[in-house]
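Everything on this sheet refers to the single structure shown next.
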Amino acid sequence: MTRTDEPLAIRPPAWVRVLGPLFLAGWLSVFVLRPGGVPVLGVVIALLAAAVVGRLFFTSAIGTADGRLTVRNVWSTRTFPRVDIRSAGVDRAARRGGRGWAVWLLLEDGTRHRLDVTEVPFLGPSSATLERQAAAIRAWLDGRPHASL
């Protein structure tokens, strides 16, 4: 999580934003530089992978001073007024015992919304980071200052 001029800003770590394009370029070069031409299936897979990795760079959770939290997930973007969010907590990333963990928003209507930017493959060493992110969201909800992470 990084601290910017916004009261709350959760974005992918800098190393992900640097190494992601390098990994993608290396992976795509296998299809493009292959002897004998570029297979159509390889191009389709490469374009789909580029779209997913590109969208991952835009995942974030940005809370503004005027009380709006914009959550940019991999496939959707939603903005929640502060009054519509009851709390934030850490839970499994998938609803039915799936793999991974993430911070979830508990909304006033009883539904939950996952923050894809916080998703990690296993809890272990990431539990402290996830708890700090959830605590920063709870502090933003209460209008309290939060630690820059």
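Only this structure's heavy atoms are used, side chains among them; waters, hydrogens and symmetry mates stay out.
Distance CZ/R86 to CG/L105: 12.0 Å, rounded to 0.5 Å.
The minimum heavy-atom distance linking I10 with Q133 is given by the pair CG2-NE2, 3.9 Å. Looking at every heavy atom in both residues, P7 comes nearest to W140 through CB-CD1, 3.7 Å. Taking both residues in full, the closest heavy atoms of A88 and A134 are given as CB-O, 4.0 Å, listed atom of the first, atom of the second, then distance. The shortest non-hydrogen separation linking A61 to L69 is C-CD1, 4.3 Å.
D84 is linked by a side-chain hydrogen bond (donor to acceptor under 3.5 Å, both in side chains) to nothing, counting only residues two or more places apart in sequence or in another chain. Contacts of D66 classified as side-chain contact (heavy atoms from CB on, under 4.5 Å), with partners at least two apart in sequence or in another chain: T64, R68. Looking at residues two or more places apart in sequence or on another chain, you find a side-chain contact (heavy atoms from CB on, under 4.5 Å) between E131 and V90, R138. Applying the side-chain hydrogen bond (donor to acceptor under 3.5 Å, both in side chains) criterion to T79, with sequence neighbours excluded, gives T70.
Within the structure, the salt bridge (Lys or Arg N to Asp or Glu O under 4.0 Å) test picks out no pair touching residues 70-82 (sequence neighbours left out).
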Checklist entry - After noting the C-alpha distance and the side-chain angles of H113 and N73, does the key distance pass the side chain to side chain contact (heavy atoms under 4.5 Å, CB included) rule? => result CA-CA 10 Å; H113 190 77; N73 281 342; 3.4 Å; yes
Item to check | side chain to side chain contact (heavy atoms under 4.5 Å, CB included) between L8 and I62, worked out | outcome: CA-CA 6 Å; L8 175 68; I62 307 296; over 6 Å; no
Donor-acceptor pairs are to be reported for all side-chain atoms of residues 116-125 against protein atoms at under 3.5 Å, with residues two or more places apart or in another chain.
from	atom 1	to	atom 2	distance (Å)
D116	OD1	R114	NE	2.7
D116	OD1	R114	NH2	2.8
D116	OD2	V74	N	3.1
T118	OG1	V103	N	2.9
T118	OG1	L115	O	2.7

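W101 places no side-chain N or O within donor-acceptor distance of the main-chain N or O of L130, the cut-off being under 3.5 Å.
Hydrophobic cluster membership differs between L106 and I137, with clusters built from Ile, Leu, Val, Met, Phe, Trp and Tyr side chains linked at under 4.5 angstrom.
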